[in-house]
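What follows is a single structure, written as structure tokens, with notes after it.
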Amino acid sequence: LTIAHIRVVKNFNINNASVVVVDNVTMNVVAYLGSPNFADALHAGQVDGARASRSPGSALKPLIYAAAFDRGLLTPRSVLTDVPIDFSGYAPENYTRTFHGHVTAEEALSHSLNVPAVKLLHELGVNHLVALLKKAKFQGVSRQEPHLGLSLALGGCGVSLVEMAGLYATFANGGVWRPLHLLPQAAPLPDSLRQINLISPSAAYIVTDILTKVERPELPTDYERNPHVPKIAWKTGTSYGRRDAWSIGYNARYTVAVWMGNFSGEGSPELTGAGMATPLLFKIFNAIDYNSTIDWFVPPDVLQFRLVCAESGLPPSEFCQNKVQDFFLPGISPAKTCEHAKYLFVSANEQFSYCAHCLPAQGYKRKLYPNLLPEMVAFNLSNHIGFAQIPPHNPDCTQLLAGSPPVITSPINGREYLTADEEGIELLLSCNAGNEVKKVYWYINNRFYQTATVGQKVFFKPPRGEVKISCSDDKGRNTNAVIMVR
């Protein structure tokens with residue numbers, strides 16, 4: 001099957017492939033292909049691609065979500081933000097270069113969105129993910145550990161096809177990692193190496209449930225004309241530069257891991273996990289275990305359902321009208337009630353809002369407004385997406401309001417900026433602010449510079465040396481950033 005598939009894709013300058021098939025019960029490797037043609041000297045046919053270190057692209061995302069489920073950071077229906085964000089200079093983008101605003105966790109994983117995965121890894125901690133991969137004997141990750149960062153979520157590390165096959169077999173085995181047997185074992189492994197509880201059975205089942213859904217963008221473009229789409233959980237990965245295409249799937253019986261690309265590292269515009277590797281994955285499953293429903297995965301007893309607000313994925317509050325069913329881990333999953341909206345006191349004509357300090361005796365009303373994160377406010381404004389904006393606060397109020405100050409998104413705090421000539425450079429001043437903020441005030445080295453609306457682009461020429469940038473909102477809240485200009 002692999003050799004026949006390679007003959008077809010050679011037309012796209014894709015010359016190599018590797019496959020590993022694992023029996024999930026015994027963890028025996030029942031099929032192993034390092035190279036489709038050992039004698040192909042022109043394309044390094046004697047390289048064992050199943051053990052080669054390659055970038056996994058998005059193929060590690062299921063482990064990030066599983067770890068987050070176990071840490072109580074989210075549930076499948078938890079609503080995340082897919083909007084532009086900058087982590088001290090690292091600004092991930094989605095594969096399509098577009099953003100989707102609010103998405104659920106299961107949508108983010110099934111659609112392989114990059115930004116939510118990176119944000120989730122930031123919250124989870126890179127060290128936590130690295131520790132899990134080291135437990136699963138990812139040797140390259142162990143060597144690269146000092147140099148790994150948030151790009152790990154998008155394939156910023158080296159892994160092998162054998163390691164990835166073992167990881168996905170872990171999901172099939174309820175979160176228990178066991179070493180693969182490439183050859184029959186002469187003696188039983190010691191208990192410390194026999195199995196490791198990498199993730200909980202509940203997290204493994206939730207990930208499997210998400211990865212089993214058919215309505216996913218990484219399906220091959222011609223899948224609708226193919227009646228034999230196997231019932232499996234699977235995930236694709238495409239590395240930067242389209243140098244590696246991965247598709248790894250499993251059912252209760254087998255795990256199949258496919259890698260395609262060029263051993264030389266040369267990329268190809270057509271080389272994607274969905275377009276090239278997944279069709280081969282489907283062909284292999286159709287040949288060895290088509291639509292196996294024997295012992296299909298069932299949720300563990302500890303995993304339960306609850307009703308949550310569709311706007312946030314959290315237990316509903318009094319104002320939550322749209323409720324949906326969601327998995328949750330009792331005692332672990334978030335128990336905080338929904339705050340996707342908030343009641344505010346506003347004037348009768350809705351021109352001003354009031355706090356408890358300045359609330360008049362009469363002439364006001366109580367109204368519900370969306371409680372958006374500053375990054376969502378900025379996303380809506382920049383994309384001209386309408387939303388109910390909170391009226392400006394009572395201008396006669398002298399009380400400083402509690403809440404989050406603006407977040408300076410440019411320039412980046414602690415960053416060094418270089419200029420090549422005496423003309424200097426122009427830097428962008430931008431910030432994210434809350435829904436109730438209408439104006440912000442910029443200061444350079446403690447001197448007032450300019451008033452701006454939220455989302456307005458303001459530029460300035462910084463002096464040489466250390467520069468302090470301050471941003472205050474119309475509620476009196478302030479934040480600072482310090483940069484160096486050389």
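Since we're looking at a predicted model, the values are computed, not measured. Sequence positions, counted from 1, serve as the residue numbers for this chain.
- Side-chain atoms of Thr236 and Thr278 form no donor-acceptor pair, as typed in the model, at a separation below 3.5 Å.
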inquiry  = For a side-chain hydrogen bond (donor to acceptor under 3.5 Å, both in side chains) check, start with the C-alpha distance between Asn28 and His181, then their side-chain angles and the critical distance, and finish with the verdict.
reply    = CA-CA 5 Å; Asn28 290 331; His181 301 154; 3.3 Å; yes
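- For the pair Phe87/His122, a side-chain contact is recorded, criterion being any heavy-atom separation below 4.5 Å from C-beta on.
- Panel note: side chain Asn322, backbone Cys309; no donor-acceptor pair is recorded below 3.5 Å.
- Remark: side-chain polar atoms of Ser268 are paired, donor with acceptor, to backbone N or O of Phe12 under 3.5 angstrom.
- With hydrogens and angles disregarded, no donor-acceptor distance shorter than 3.5 Å links the side chain of Arg242 to the backbone of Leu271.
- The backbone N or O of Ser53 lies less than 3.5 Å from no partner atom in the side chain of Ser160, so there is not a single donor-acceptor pair.
- Using a distance-only test at 3.5 Å, with no hydrogens or angles considered, no donor-acceptor pair links the side chain of Asn383 to the main chain of Asn380.
- A salt bridge does not link Arg243 to Glu266: none of the charged nitrogens lies less than 4.0 Å from a carboxylate oxygen.
- Although no hydrogens or angles enter the test, the distance criterion places no donor-acceptor pair under 3.5 Å between the side chain of Ser317 and the main chain of Cys320.
- Listed for the Glu107 side chain is a donor-acceptor partner under 3.5 Å among the backbone atoms of Thr104.
- In this structure, Arg71 and Glu123 have side chains that are not in contact, with every pair of non-hydrogen atoms separated by 4.5 Å or more.
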task = Go through the steps for Phe285 and Phe282 under the test ring-ring contact (aromatic ring centres under 6.0 Å, His included), then give the verdict.
result = CA-CA 5 Å; Phe285 263 109; Phe282 285 178; 8.4 Å; no
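- In this structure, a donor-acceptor pair under 3.5 Å is absent between the side chains of Thr272 and Tyr95.
- Between the side chains of Tyr32 and Asp48, a donor-acceptor pair is found at a separation under 3.5 Å.
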ask   = Where do Trp296 and Asn251 land on the side-chain hydrogen bond (donor to acceptor under 3.5 Å, both in side chains) test, with the steps shown first?
value = CA-CA 7 Å; Trp296 189 255; Asn251 58 19; over 6 Å; no
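- Taking every heavy atom of both residues into account, Pro315 and Val308 meet most closely at N-CG1, 4.3 Å.
- With 3.5 Å as the limit, one finds a donor-acceptor pair spanning the side chains of Ser200 and Asp70.
- Judged purely by distance below 3.5 Å, without hydrogens or angles, the side chains of Thr255 and Asn24 pair a donor atom with an acceptor atom.
- Atom OG of residue Ser142 and atom NZ of residue Lys135 lie 13.0 Å apart, to the nearest 0.5 angstrom.
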request  = Carefully, step by step, assess Lys119 and Glu375 under the rule salt bridge (Lys or Arg N to Asp or Glu O under 4.0 Å).
outcome  = CA-CA 13 Å; Lys119 292 174 66 176; Glu375 61 195 46; 2.5 Å; yes
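- Of the possible polar contacts, none joining the Asn371 side chain to the His340 backbone as a donor-acceptor pair under 3.5 Å is found.
- The main-chain N or O of Phe328 is never found under 3.5 Å from a side-chain atom of Ser333 such that the two would form a donor-acceptor pair.
- Evaluated for a side chain to side chain contact (heavy atoms under 4.5 Å, CB included) with Pro334, the options Leu329, Leu73, Leu314 yield exactly one hit, Leu314.
- In plain terms, the two heavy atoms of Glu436 and Lys342 that are nearest each other are OE1-NZ, 4.3 Å.
- Ring centroids of Phe263 and His43 are separated by 6.0 Å or more, keeping the two rings apart.
- A donor and an acceptor atom, one from each side chain of Asp82 and Asn94, are located under 3.5 Å apart.
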inquiry  = Tyr205 vs Phe297, test: ring-ring contact (aromatic ring centres under 6.0 Å, His included). Steps then yes/no.
reply    = CA-CA 7 Å; Tyr205 178 82; Phe297 307 102; 7.6 Å; no
request  = Dump the intermediate steps for side-chain hydrogen bond (donor to acceptor under 3.5 Å, both in side chains) on Thr75 and Asp326, then the final yes or no.
outcome  = CA-CA 7 Å; Thr75 60; Asp326 189 20; 2.5 Å; yes
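- Remark: Leu124 CG to Leu74 CG distance equals 10.0 Å, nearest 0.5 Å.
- Here CZ of Arg77 is found 12.5 Å from CZ of Arg306. Values are rounded to the nearest 0.5 Å.
- Side chain of Gln144 to main chain of Val141: no donor-acceptor pair is present (N/O by atom type, distance under 3.5 Å, no hydrogens or angles).
- Counting only N and O atoms by type, the side chains of Asn435 and Gln389 include no donor and acceptor under 3.5 Å apart.
- A 4.5 Å side-chain heavy-atom check between Val162 and Leu180 finds at least one atom pair inside the cut-off.
- In summary, of the residues considered (Ser112, Ser110, Ser58), a side-chain hydrogen bond (donor to acceptor under 3.5 Å, both in side chains) with Lys235 occurs for Ser112 alone.
- Among the candidates Val19, Leu33, Leu161, Ile248, the single residue satisfying the side chain to side chain contact (heavy atoms under 4.5 Å, CB included) test with Trp259 is Leu161.
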